[in-house]
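Remember, it's a predicted structure, so these values are computed and weren't measured experimentally. Read the numbers this way: they start at 1 and go in the same order the structure lists the ligands and their atoms.
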Amino acid sequence: MKDLTDQITRIRTELHYKTGIDPVEHCLYRIKSEESMREKCRREGLPETEESALQMIHDAIGVRIVCSFLSDVYTIRDRIIEIPGIAVVKEKDYIKHAKPNGYRSYHMILRTHEGYFAEIQLRTISMDTWAALEHHMKYKKTISGNIALISAELKRCADELTSTDVSMQAIRDMIFEDSEGEENV
Ligand code: 0O2
């Protein structure tokens with residue numbers, strides 16, 4: 001995880017140096033706890049073994065990269081696939097193909113040269129806020145409100161946030177077009 005996050009920091013620093021803007025709003029990472037891994041093994045119908053945890057399940061290492069703009073998500077993704085010694089096992093673009101509940105995020109499963117798997121989630125700030133709220137709804141044991149109504153409202157918000165992300169990107173592109181040729185924009 002340290003090697004991987006160091007590489008992500010390097011990519012982030014390089015892009016910041018080149019453009020004057022850090023493309024990453026924040027980056028979180030974690031090693032899945034034993035309790036959470038055991039629970040996931042049970043959920044997936046796997047034996048609670050080291051092999052299940054490190055070979056069958058691919059998110060023992062988890063990294064979440066939150067960007068301000070949509071284009072930054074894809075810029076970082078394009079740089080991650082170039083990290084030496086890293087193999088891309090799977091990619092899922094829930095941004096271009098949002099889940100029916102409205103979830104959006106870009107997921108990558110990587111395999112390090114030591115043979116460990118890591119899950120990378122790349123998303124914008126609005127996608128991240130939405131996912132955290134939806135996660136609360138999913139995992140909160142008792143919800144006093146109407147779940148169908150909450151789900152419908154979440155979907156409505158997801159659609160509005162999608163539109164806002166696209167508009168923000170367009171505004172940013174216009175600002176950058178206008179500042180072409182200026183130094184350190
Ligand atoms: P946990 O307990 O969070 O680790 P796959 O077998 O690859 O098709 P999988 O394994 O569910 O499907 O992978 P996927 O779809 O890439 O999702 C990986 C993780 O993304 C999930 O972990 C969640 O943390 C997050 N995620 C996926 N869908 C949603 C969603 O609808 N809402 C929110 N809030 N988060 C989501 P797990 O597997 O649930 O386990």
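- One N or O on the side chain of T129 and one on the backbone of I125 form a donor-acceptor pair closer than 3.5 Å.
- Salt-bridge formation is not detected for the pair R42/E39: no Lys NZ or Arg NE/NH1/NH2 atom is positioned less than 4.0 Å from an Asp or Glu carboxylate oxygen.
- Looking only at distances, no side-chain donor or acceptor of Q7 sits under 3.5 Å from a matching main-chain atom of I83.
- Of the inter-residue distances, the one linking R38 atom CZ with T49 atom OG1 reads 9.5 Å to the nearest 0.5 angstrom.
- Checked against I11 for a side-chain contact (heavy atoms from CB on, under 4.5 Å), the options E82, R79, H16 give a single hit: R79.
- Judged by distance alone, the side chain of T112 and the main-chain N or O of Y116 form a donor-acceptor pair under 3.5 Å.
- Near ligand 1, K32, K40, R43, D59, K90, K92, Y94, K99, N101, Y103, H107, E119, Q121, A131, E134, H135, K138 each place a heavy atom less than 4.0 angstrom from the ligand.
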